[in-house]
Amino acid sequence: RIERRMVVGLLVVACAGFAVMGARVWKLHVVSVPARGGEYIEGLVGAPSYINPLFASANEVDLDLTRLVYSGLMRTTPEGTVVPDLAETVEVSQDGKTVTVMLREGLRFHDGQTLSTDDILFTFEAIQNPAYKSPYGGSFKGVTIAAPDERTVTFTLSEPYAPFLTALTVGILPAHLWRDVPPQSANLAEFNLKPIGSGPYKFKAFSRDRVGTIRSYTFERFVENDGSGPFIGRVAFRFFPDYESAVEAYRNRQIDGLGFAPTTLRDRLRGRHDANEFPLALPQYTALFFNQKRVEALKDSQVREALTVSLDRDRIIADALLGAGELVDGPVFPGFAGVTSTPPHAAFDPDKAAQLLEKAGWALPENGGPRVKTTKDSKGRVTATTTLALTIVTAQRDETSMAAKAVADTWRALGVDVKVEEIPAARMQRDILRPHAYDVLLYGQILSRDPDPLPFWHSMHAVEGGLNLALYANRNADALLEEARKEQDAEKRGMLYTQFANLVVSERAAVFLYRPVYPYFVTTAVKGVRADEIAVPADRFAGIADWYIKTRKGWR
C-alpha cells in the first residue's frame with residue numbers, strides 16, 4: 001500500500017511537471033497568427049465611375065477600387081518600393097532603352113481565364129491608342145511593345161526613362177472581355193462597373209439608391225492557383241456625398257475606416273475609442289507659384305525673396321493644417337529618386353523682407369496704405385505711381401483657403417495690397433490653370449512614386465495648358481531635368497535633382513510651403529495595416545493582402 005502511494009505521488013508530481021512545462025512551451029511558442037475571414041467596410045466621399053485602370057487616375061474613388069481589383073506587372077509595397085507583381089523577373093538593358101519582363105506561371109483572371117502576354121499587349125496598346133483617351137498615354141509615348149514568346153514582353157523606349165518601371169504598375173485588362181468593345185465606347189462598357197481583373201479582390205456586388213446613385217460596393221478575396229490570397233474575406237465600400245456624413249458614419253460604427261477627412265473634422269474621428277490613425281505622407285507639395293509674366297513687380301528677384309522670407313511657414317502649417325503637414329524647401333524630397341538633401345532653408349525674417357522691398361524701390365507712404373513705387377522725370381517730378389498689389393488664387397478647399405488667408409495677412413502686414421480669390425474645383429483647370437490666369441497661385445503638385453519633375457519645371461511646359469505653373473524657364477534647369485530622367489544610377493540621378501532644386505529655389509520661382517500628411521483612420525480590429533510613403537491615396541492598399549481581422553493559434 002505504501003509503494004502504491006509513492007507511485008501515485010510520483011505520477012502526480014510528473015503530471016504537474018508536464019503541465020507546467022506544457023504551459024511554458026505554450027506560452028513561449030504558441031501565438032496568435034492571422035486567419036482567413038472577416039469583413040472590412042471603408043467609407044469614401046464621392047462615387048465610382050470607371051473601375052478601370054485605363055481611366056481610374058482621374059477619380060480617387062475609381063483609383064481606390066481599381067487598386068483592389070487589378071494587378072500590374074509591377075506593384076508598390078507599403079514601404080514605397082516598386083517590385084514585380086505579375087512579373088517574375090524584370091531586366092533593364094544597360095542603355096536603359098529596353099525593359100524585358102518575364103511573366104509568372106499560372107496567372108489567371110477572376111473569371112478563371114488565363115492571363116497571358118496577349119492581355120499585356122492589349123492593355124498597353126489600348127493605353128497608347130488615342131481613341132481610349134487614357135491619362136497614361138504620355139508615359140508610353142514612343143514605346144514599342146512586343147511579345148517574343150508566351151511569357152515574355154519587351155518594352156523598347158526611344159530614349160532612357162528612369163521612372164518607367166513605376167508606369168508598369170498599371171492594372172492589366174482581360175483581352176478576352178475587352179477586345180470586342182469599341183475604343184470609342186469603352187467608357188460605357190458594363191465592365192467598368194462590374195470589373196474583372198487579377199488583383200487580390202474580385203467584384204461581388206454593388207447597390208444603388210432609388211435615383212440610381214451607387215451607394216456601396218462589395219469585393220471578395222481572390223484565391224490564386226497556389227492557394228494564397230488576402231486574409232480578410234470581404235472588403236466593402238460605402239459612398240457618402242460629403243465628409244460630414246462620412247465622419248458621422250465612422251463615429252457611429254457604420255464603417256471601419258475612412259480614407260481622408262479635412263483637418264477640421266479629424267478630432268471627431270479621433271473621438272472613437274478604437275480609432276487607429278496612420279499618417280500618410282504623399283509625394284506632394286503645396287507652393288506659391290509666382291507668375292512673373294503677368295505681374296511686373298514679380299520680375300524683381302528682391303521682391304520674390306522678400307515675399308518668401310516674410311512667411312512663417314511653421315505657423316501656416318500649424319494654423320491651416322492644424323499641424324498635419326511637413327515643411328518643404330524645394331520641388332523634390334529626400335528619399336525619392338536618390339535625393340538625399342534639400343535646398344537651403346528659407347528662414348523666416350520679416351525685417352529682411354521689409355529691407356528687400358525698400359531696396360527694390362517699394363516704399364511705405366507716409367500717410368499709410370500699401371507700398372508704392374514712383375517714377376520720376378529728369379527734373380525729379382513724379383510721373384507715375386504704382387501700388388504693390390497681388391491677388392492670390394487658390395482652390396476652394398479648407399486647407400488651401402486657410403493657408404491663402406494666412407499668407408495674405410502676412411503680406412498685408414509687409415505693405416502689399418493683397419486679395420484672395422477662391423475658385424471652385426470644377427473651374428480650376430479651365431479658368432485658372434490652363435490659361436495661367438493668376439498673379440500668385442497657391443496650389444499642390446503631386447509627384448509620382450518615382451518622381452519626374454520635368455513636366456512641372458521644364459521650359460517647354462511653360463505654355464498654355466502646361467503644368468509649369470511658375471512659367472519657369474532656365475536652360476541649366478532644363479538640361480538637369482533631361483539628364484536626370486535618363487539616368488539609371490539612383491545616386492547620380494539624386495545629385496542631378498538636387499542641383500535642379502537648388503537652382504529653382506535660388507531664383508525664388510516659388511515659395512515652397514508644406515507637404516500635407518493625410519491621416520488614414522482604421523479601427524483597431526483591423527491588424528497589419530502599413531503605409532509609410534504613398535504616391536497616391538490608393539497606395540494605402542498596397543499591403544492589403546497582409547491585413548487581417550481573424551486570428552488563430554499557431555507555432556512561433
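In this structure, Leu388 and Lys373 have side chains that are not in contact, with every pair of non-hydrogen atoms separated by 4.5 Å or more. Side chains of Phe237 and Val61 form no contact here, defined as non-hydrogen atoms less than 4.5 Å apart. Asn502 has its side chain out of reach of Tyr497: every pair of non-hydrogen atoms, C-beta onward, lies at least 4.5 Å apart.
With 3.5 Å as the limit, one finds a donor-acceptor pair spanning the side chains of Thr77 and Glu79. Arg485 and His458 are not linked by any side-chain donor-acceptor pair at a separation below 3.5 angstrom, with hydrogens and angles left out of the test.
A cation-pi contact, defined as under 6.0 Å to the ring centre and within 45° of the axis, links Arg272 to Tyr250. In this structure, Arg540 satisfies the cation-pi test against Tyr520, with its NZ or CZ atom closer than 6.0 Å to the six-membered ring centre and inside 45 degrees of the ring normal.
Atom CE of Met428 is surrounded by more than 12 heavy atoms from other residues, nucleotides or ligands within 6.0 Å. Within 6.0 Å of the CD atom in Gln184, the count of heavy atoms belonging to other residues, nucleotides or ligands exceeds 12. When the shell of 6.0 Å around CD of Glu296 is examined, it contains 12 or fewer heavy atoms from other residues, nucleotides or ligands.
Between Glu326 and Arg515 there is a salt bridge, with a side-chain nitrogen of the basic residue lying less than 4.0 Å from a carboxylate oxygen of the acidic one. Salt-bridge check for Arg493 with Glu483: failed, with every basic side-chain N at 4.0 Å or more from each acidic carboxylate O. Between Lys97 and Glu159 no salt bridge is recorded (no basic side-chain N to carboxylate O distance below 4.0 Å). No salt bridge links Asp478 with Arg475; every basic N to acidic carboxylate O contact stays at or beyond 4.0 Å. Using a 4.0 Å cut-off between charged nitrogen and carboxylate oxygen, Glu358 and Arg371 count as a salt-bridge pair. Salt bridge annotation for Arg304-Glu507: absent, with no cationic side-chain nitrogen under 4.0 angstrom from a carboxylate oxygen. Ion pair Arg412/Asp417 not flagged as a salt bridge, since none of the NZ, NE, NH1 or NH2 atoms sits closer than 4.0 Å to an Asp/Glu carboxylate oxygen. A salt bridge between Arg268 and Glu244 is present, with a side-chain N of the basic residue lying under 4.0 Å from a carboxylate O of the acidic one.
Shown here for Thr342 and Pro334, the closest heavy-atom pair between the two residues is CG2-CG, 3.4 Å. Of all the heavy atoms in Leu165 and Val82, the pair that sits closest is O-CG1, 4.0 Å. When all heavy atoms are compared, the tightest approach of Leu322 to Asp319 is CD2-O, 3.8 Å. Minimum interatomic distance between Thr391 and Asp439 (heavy atoms only, all atoms of both residues): N-OD2, 3.0 Å. Residues Pro78 and Ala542 come closest through the heavy atom pair N-CB, 4.0 Å. Across all non-hydrogen atoms, the minimal contact from Ala320 to Ala403 is CB-N, 3.6 Å.
The one candidate from Leu357, Thr410, Val407, Asp351 that meets the side-chain contact (heavy atoms from CB on, under 4.5 Å) condition with Ser310 is Thr410. Just one of Asn192, Asp62, Leu193, Thr66 meets the side-chain contact (heavy atoms from CB on, under 4.5 Å) condition when paired with Asn52; it is Asn192.
Less than 6.0 angstrom separates the ring centroid of Phe140 from the ring centroid of Phe164. Aromatic rings from Tyr285 and Phe512 are positioned such that their centres are separated by under 6.0 Å. Aromatic rings of Phe456 and Tyr472 (six-membered ring for Trp) have centroids beyond the 6.0 Å cut-off, not under it.
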